[in-house]
Chemist: 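First the structure, which I've put down as structure tokens, then a few questions once you've had a look.
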Amino acid sequence: NHLPRDPGHKGSGIINYVMYKLVQDKSLANKFIYNYTENQQKDWPDHIERMDQCDVYIESQAYTLSTKPLGEFGVTALECCSLSKATITCFNSHEKYEHEFKNTSPIIPANSPEQLEHQIRTLLSLPIEEIHKIQQQSRDWVVKYHSRKATGARLKQLLEK
């Protein structure tokens, strides 16, 4: 799924282009259903419910916003991980993240159209059990490092320094 509120800022054109390429690949026939809906202003609970209907969520392929580098996961990625979804998005700062949090993230980085296509093809080649494992890792990670409790403890630690 890719359900942007603002397609221009989420790189939806890139995502749709890559997905169109994948749909044309006969070897991938019947391996996935791609849902794309834009500009549907939904209440937050309705949006969460839509995201909960997917196995894999593509958050963003926005490499810049105006002229500034963007390329990092956002709140939607965290929401998707909390829903136990395999989540693909821009994520240029893996090393910085690992240094700061002393852990890796299960977010699947895709920082170019080529990487996006590669990551999706890789996911589609996995047995369903492996995708379920990624989904569980996503949920465990967001609870451990980005839940309210974890964020509060981290802020407390930073303020005590």
Chemist: Taking only residues two or more places apart in sequence, or in another chain, which ones meet T87 in a side-chain contact (heavy atoms from CB on, under 4.5 Å)?
Modeler: A77, C80, C81, K85
Chemist: Enter the distance from L126:CG to R121:CZ here, rounded to the nearest 0.5 Å.
Modeler: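 It comes to 14.0 Å.
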Chemist: Using a strict threshold of under 4.0 Å (side-chain N to carboxylate O), is an ion pair present between K102 and E98?
Modeler: no
Chemist: List in chain and number order the residues that pass side-chain contact (heavy atoms from CB on, under 4.5 Å) with L78, two or more places apart in sequence or in another chain; answer none if no residue qualifies.
Modeler: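 With sequence neighbours excluded, L78 shows a side-chain contact (heavy atoms from CB on, under 4.5 Å) to F73, W141, V142, H146, given in chain and number order.
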Chemist: Applying the 4.5 Å side-chain criterion to the ILVMFWY set and letting contacts propagate, would M51 and W44 be lumped into a single cluster?
Modeler: yes
Chemist: Are side-chain heavy atoms of M19 and I120 found at a separation under 4.5 Å?
Modeler: yes
Chemist: Is it true that the side chains of N16 and Y34 contain a donor and an acceptor less than 3.5 Å apart?
Modeler: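 Indeed, the side chains of N16 and Y34 share at least one donor-acceptor pair under 3.5 Å.
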Chemist: Look at the side chain of S93 and the backbone N and O of K96, then say whether any donor-acceptor pair between them is shorter than 3.5 Å.
Modeler: no
Chemist: Please check if the number of heavy atoms outside E95 that lie under 6.0 Å from its CD is greater than 12.
Modeler: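 No, CD of E95 has 12 or fewer neighbouring heavy atoms, counting only those of other groups under 6.0 Å.
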Chemist: Once salt bridge (Lys or Arg N to Asp or Glu O under 4.0 Å) is applied, do any residues pair with R154, and if so which ones, sequence neighbours excluded?
Modeler: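 In terms of salt bridge (Lys or Arg N to Asp or Glu O under 4.0 Å), with neighbours along the sequence ignored, R154 is linked to E100.
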Chemist: When rounded to the nearest 0.5 angstrom, what distance separates CD in E59 from CD1 in I108?
Modeler: 12.5 Å
Chemist: Could you tell me whether the side chains of H47 and R50 share a donor-acceptor contact shorter than 3.5 Å?
Modeler: yes
Chemist: Rounded to the nearest 0.5 Å, how far apart are CG of L116 and OG of S60?
Modeler: 10.5 Å
Chemist: For residues E130 and L123, determine if any side-chain heavy atom of one lies less than 4.5 Å from a side-chain heavy atom of the other.
Modeler: no
Chemist: Decide yes or no for I58 and T89: does some side-chain heavy atom of the first lie under 4.5 Å from some side-chain heavy atom of the second?
Modeler: no
Chemist: For the atom pair CD (E117) and CG (L22), what is the distance rounded to the nearest 0.5 Å?
Modeler: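 Result: 5.0 Å between the selected atoms.
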